[in-house]
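Only one structure is covered here, and it is reproduced in the block below.
The model shown is predicted, which means the values in this text are computed figures rather than measured ones. So that the names make sense, note that chain A is the first sequence line, chain B the second, and so on, each numbered from 1.
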2 protein chains.
Amino acid sequence: MKRLTLKDVAAMAEVSPITVSRVVNGADGVRANVRQKVEAAIAELGYIPNRSASVLASSKSKLIGVLIPSLSNVVFNDVLRGIYDIATTANYQILLFNTHYSPLEEMRAVRTLLGQSPEGIIITGGEQTATTRTMLEEARVPIVQIMGKVDKPIDINVGFSHFDAGGAVAQLLLDKRYRKIAFLGARMDRRTCQRLDGFKQRLSAVNYLDDRRIITTSEPSSVAMGVSLFRELMEVTKGDCDAVFCCNDDLAIGVLHECKKMNISVPEEMGVCGFNDIEMAAFTEPALTTVRVNRYRMGSKAMELIFEKTHPTSENKSTTSGYINTGFELVMRNSTR
Amino acid sequence: MKRLTLKDVAAMAEVSPITVSRVVNGADGVRANVRQKVEAAIAELGYIPNRSASVLASSKSKLIGVLIPSLSNVVFNDVLRGIYDIATTANYQILLFNTHYSPLEEMRAVRTLLGQSPEGIIITGGEQTATTRTMLEEARVPIVQIMGKVDKPIDINVGFSHFDAGGAVAQLLLDKRYRKIAFLGARMDRRTCQRLDGFKQRLSAVNYLDDRRIITTSEPSSVAMGVSLFRELMEVTKGDCDAVFCCNDDLAIGVLHECKKMNISVPEEMGVCGFNDIEMAAFTEPALTTVRVNRYRMGSKAMELIFEKTHPTSENKSTTSGYINTGFELVMRNSTR
DNA sequence: CTGTTAGCGCCTTCAG
DNA sequence: CTGAAGGCGCTAACAG
């Protein structure tokens with residue numbers, strides 16, 4: 001009960017193994033009738049090529065490594081979908097690692113990944129350890145850092161400035177005549193912190209920043225967490241607060257829920273703004289003002305850039321490096337004036 | 001600029017390559033001082049073993065293939081999280097395929113997967129093509145079919161009876177004195193159909209089944225789709241309807257939203273029940289009655305069963321085949337009386 | 001257009 | 001406990 005090999009197919013088709021190899025890999029330079037004979041033999045036998053052998057011999061893996069910090073965050077679903085859709089089309093495979101927001105797990109994952117000779121790597125953010133960074137650089141394959149603008153990209157960077165987005169939200173709320181604006185944040189990864197920084201800078205520029213109104217936790221984000229952060233905010237500030245910027249929509253939905261319970265009217269007494277624009281945001285009561293970001297595009301674009309770099313053509317050489325801004329967009333709904 | 005190999009490490013540590021191999025694989029039978037010397041060399045050189053070579057030579061891949069129909073459905077996130085958490089702990093890798101609810105894509109994915117000598121396969125449901133099924137059977141590795149109870153499991157089956165769940169919801173609604181009960185369904189994959197079947201059987205047993213109240217679409221599910229299916233229902237039945245069972249919570253949230261808009265009071269004039277118990281379900285207005293299923297557990301259990309079968313011990317031999325029921329649970333909230 | 005030769009990097013099997 | 005030989009299945013490079 002041995003595994004079928006090229007040789008078996010070759011024997012059946014009465015050709016040499018290399019010819020079978022060429023047929024399998026769709027290489028040209030095989031006559032049509034020979035190709036058919038081989039294909040028939042493959043079908044007949046149900047032959048499936050051994051990829052390890054192929055990778056070892058050719059050092060072409062058709063493999064892209066993807067490292068993301070969470071599998072429970074909807075944000076990454078959309079990104080992943082973008083990545084998978086493009087990868088599958090190009091017949092590439094994805095090796096996905098969940099780093100749980102830990103640079104150490106990330107480092108371990110990179111090491112494991114590098115053992116598989118990936119032809120490209122998509123990694124979240126720019127908080128890699130020095131070792132990880134070195135390994136990545138030495139891998140000599142296209143690397144795309146996604147989700148946020150990073151300070152010193154390893155190679156390519158696809159995302160948007162979370163700092164600017166945070167600032168834009170602060171400005172929006174100021175424009176709507178809110179003056180006692182709070183920030184609620186969970187998980188507090190790098191990008192969330194950047195949103196907070198942008199937010200703080202904008203507020204402090206007009207002297208409306210009050211640190212008591214910034215409530216954060218390192219715990220994961222959830223609707224329930226939105227509820228409890230908001231309660232904490234109300235307690236700490238004794239209700240002296242007229243708007244909340246939540247670091248994501250889940251939190252914001254929790255705030256909306258709690259406002260109803262506390263009989264605080266939104267958007268009059270309390271403006272609420274989320275982040276991400278998940279589908280639910282359009283269906284809350286009142287509908288949630290939030291920031292839309294192009295998640296699917298971040299994934300698909302990252303994948304496309306890897307392919308452009310792997311298979312260079314004359315017209316794409318220029319684009320394949322540096323920072324690609326996928327942008328963000330304020331979505332005004334009824335949870336703000 | 002060649003890639004580092006075992007030999008390079010061996011040369012540096014002044015031992016034979018095989019000794020290095022043993023150290024790398026944590027095999028015993030290497031003296032402590034030799035092991036240390038080798039480990040030092042590995043660290044110094046930054047050696048990363050080549051997995052293709054290792055897999056080829058040993059035919060042990062430490063790879064589990066996972067096939068799911070969608071990356072946008074939250075349901076699969078939780079399942080995946082369960083799978084990844086267990087796999088990572090055991091130092092196994094996951095090769096994930098998105099089959100887009102297509103048996104043909106699934107077949108292609110299985111073929112690709114089988115080329116990588118996976119040590120186990122987790123696949124969604126039981127609607128494989130005959131060819132797929134044959135390939136899977138001939139792979140001679142543990143196969144776990146997840147999500148729903150399937151008719152003739154290939155190997156192991158982890159999930160619950162969607163038919164029973166659908167029936168349970170129907171019964172719940174009947175118990176709450178709803179009599180004109182509708183079903184709203186999107187995507188309509190096998191499991192959704194089974195829920196519908198269970199639902200219909202229960203209603204028809206007490207003569208309350210009316211097919212006009214069953215509105216479905218093959219389009220993907222979403223909150224917006226819930227809105228439009230509900231509108232269609234109201235139109236078709238001219239409002240002659242007092243409860244809705246939605247095939248998932250997204251749809252149900254859309255229904256809740258639309259009821260408010262149409263001034264239909266929930267739960268008095270209209271009972272609403274969802275499916276899945278996503279976090280948001282507890283925070284809608286009114287809170288959503290739904291069916292809780294153990295998604296994370298389905299994933300982690302599937303993975304555990306694969307390991308039990310791959311590494312048999314005396315106490316686990318009995319459990320590793322047949323059907324493992326992960327159950328479901330009605331969660332009563334305020335969207336039903 | 002097709003075949004031959006010689007590995008890819010590692011691990012299995014057996015000696016020592 | 002350690003090492004030497006050989007091969008896993010495939011493909012690059014060249015020859016015919």
Side-chain angles (χ1 to χ4, degrees), chain A residues 1-39 41-42 45-63 111-119 139, chain B residues 1-39 41-42 45-63 111-119 139:
Chain A
M1 191 62 201
K2 282 181 75 295
R3 176 173 184 147
L4 284 167
T5 74
L6 269 189
K7 239 189 261 180
D8 303 311
V9 179
M12 176 156 195
E14 298 173 302
V15 295
S16 77
I18 188 67
T19 303
V20 179
S21 167
R22 291 204 256 254
V23 172
V24 167
N25 295 298
D28 40 42
V30 180
R31 238 181 320 178
N33 61 328
V34 178
R35 158 164 272 130
Q36 266 169 30
K37 210 167 48 174
V38 173
E39 275 165 354
I42 290 175
L45 259 29
Y47 167 71
I48 297 174
N50 181 326
R51 249 181 71 130
S52 302
S54 165
V55 172
L56 179 59
S58 70
S59 57
K60 269 181 225 135
S61 64
K62 289 259 205 177
L63 214 205
R111 189 167 282 129
T112 307
L113 172 60
L114 260 19
Q116 328 249 50
S117 339
E119 293 182 34
Chain B
M1 194 60 201
K2 281 182 76 296
R3 173 172 186 150
L4 284 167
T5 74
L6 271 189
K7 236 189 265 182
D8 303 312
V9 179
M12 178 157 194
E14 298 172 304
V15 294
S16 78
I18 187 63
T19 303
V20 179
S21 167
R22 288 189 181 116
V23 172
V24 168
N25 296 299
D28 40 41
V30 179
R31 241 180 319 182
N33 61 331
V34 177
R35 158 164 271 130
Q36 267 168 31
K37 209 167 49 173
V38 173
E39 276 165 352
I42 289 174
L45 259 29
Y47 166 70
I48 297 174
N50 181 327
R51 259 199 40 147
S52 301
S54 164
V55 173
L56 180 59
S58 70
S59 56
K60 269 181 225 132
S61 64
K62 290 257 203 180
L63 216 204
R111 190 168 282 129
T112 308
L113 172 59
L114 259 18
Q116 328 249 47
S117 339
E119 294 181 32

(request) Give a yes/no answer on whether the side chain of A/S16 brings an N or O atom under 4.0 Å of OP1 or OP2 in C/dG3. (result) yes
(request) Considering just the side-chain nitrogens and oxygens of A/S54, establish if one lies under 4.0 Å of OP1 or OP2 belonging to D/dT11. (result) yes
(message) Working to the nearest 0.5 angstrom, can you tell me the gap between A/K62 NZ and B/T112 OG1?
(response) 10.5 Å
(request) Hey, which sits more toward the 5' end of DNA chain D by its nearest nucleotide, A/P17 or B/E14? (result) B/E14
(message) Once side chain to side chain donor-acceptor pair (under 3.5 Å) is applied, what residue pairs with a partner in residues 29-38 of chain A remain, sequence neighbours excluded?
(response) none
Tell me which donor-acceptor pairs under 3.5 Å the side chains of residues 16-23 of chain A have, and how far apart each pair is, sequence neighbours excluded?
| from | atom 1 | to | atom 2 | distance (Å) |
| --- | --- | --- | --- | --- |
| A/S16 | OG | A/T19 | OG1 | 3.3 |
| A/S21 | OG | A/N25 | ND2 | 3.4 |

(message) Without decimals, in angstroms, what is the distance between B/N50 CG and C/dC8 P?
(response) 12 Å
(request) Round to a whole Å and report the spacing from CG of A/L6 to P of C/dT2. (result) 16 Å
(request) Please identify each residue that fulfils side chain to side chain donor-acceptor pair (under 3.5 Å) with A/E119, with sequence neighbours left out. (result) A/Y92
(message) Whole angstroms only, please: what is the CD-C1' distance between B/Q116 and D/dC8?
(response) 16 Å
(message) Using a heavy-atom cut-off of 4.0 Å across all strands, would you classify A/V30 as base, sugar-phosphate, or nothing?
(response) sugar-phosphate
(message) In this structure, how many angstroms lie between the C1' atom of D/dC8 and the CG atom of A/L4, rounded?
(response) 15 Å
(request) Report yes if at least one side-chain N or O of A/Y47 is closer than 4.0 Å to OP1 or OP2 of D/dC10; otherwise report no. (result) yes
(request) Hey, could you give me the CG/OG distance between A/N50 and B/S117, rounded to the nearest 0.5 Å? (result) 5.0 Å
(request) Kindly say if A/R51 contacts the phosphate of D/dC10, meaning a side-chain N or O under 4.0 Å from OP1 or OP2. (result) no
(message) From CG of A/N33 over to C1' of C/dT2, roughly how many Å is that when rounded to an integer?
(response) 12 Å
(request) Would you kindly give the CG-to-P distance between A/L56 and D/dC10, to the nearest whole Å? (result) 12 Å
(request) Using whole Å, report how far NZ of B/K7 lies from P of C/dC10. (result) 10 Å
(request) Compare the minimum distances between each of D/dC10, D/dC1, C/dG3 and the side chain of A/V15, then state the nucleotide with the smallest one. (result) C/dG3
(message) Applying side chain to side chain contact (heavy atoms under 4.5 Å, CB included), can you list everything that pairs with A/A57, at least two apart in sequence or on another chain?
(response) none
(message) If I take atom NZ in residue A/K37 and atom C1' in nucleotide C/dG3, what distance separates them, rounded to the nearest angstrom?
(response) 14 Å
(request) For A/A139, enumerate each residue passing the side chain to side chain contact (heavy atoms under 4.5 Å, CB included) test, keeping only those at least two apart in sequence or located in another chain. (result) A/L114, A/V141
(message) Counting only side-chain heavy atoms from C-beta out, which of D/dG3, D/dT11, D/dC10 sits nearest to A/N25?
(response) D/dT11
Would you tabulate the pairs of protein nitrogen or oxygen atoms and nucleotide nitrogen or oxygen atoms of nucleotides 12-16 of chain C closer than 3.5 angstrom?
| from | atom 1 | to | atom 2 | distance (Å) |
| --- | --- | --- | --- | --- |
| C/dT12 | OP1 | B/K60 | NZ | 3.4 |

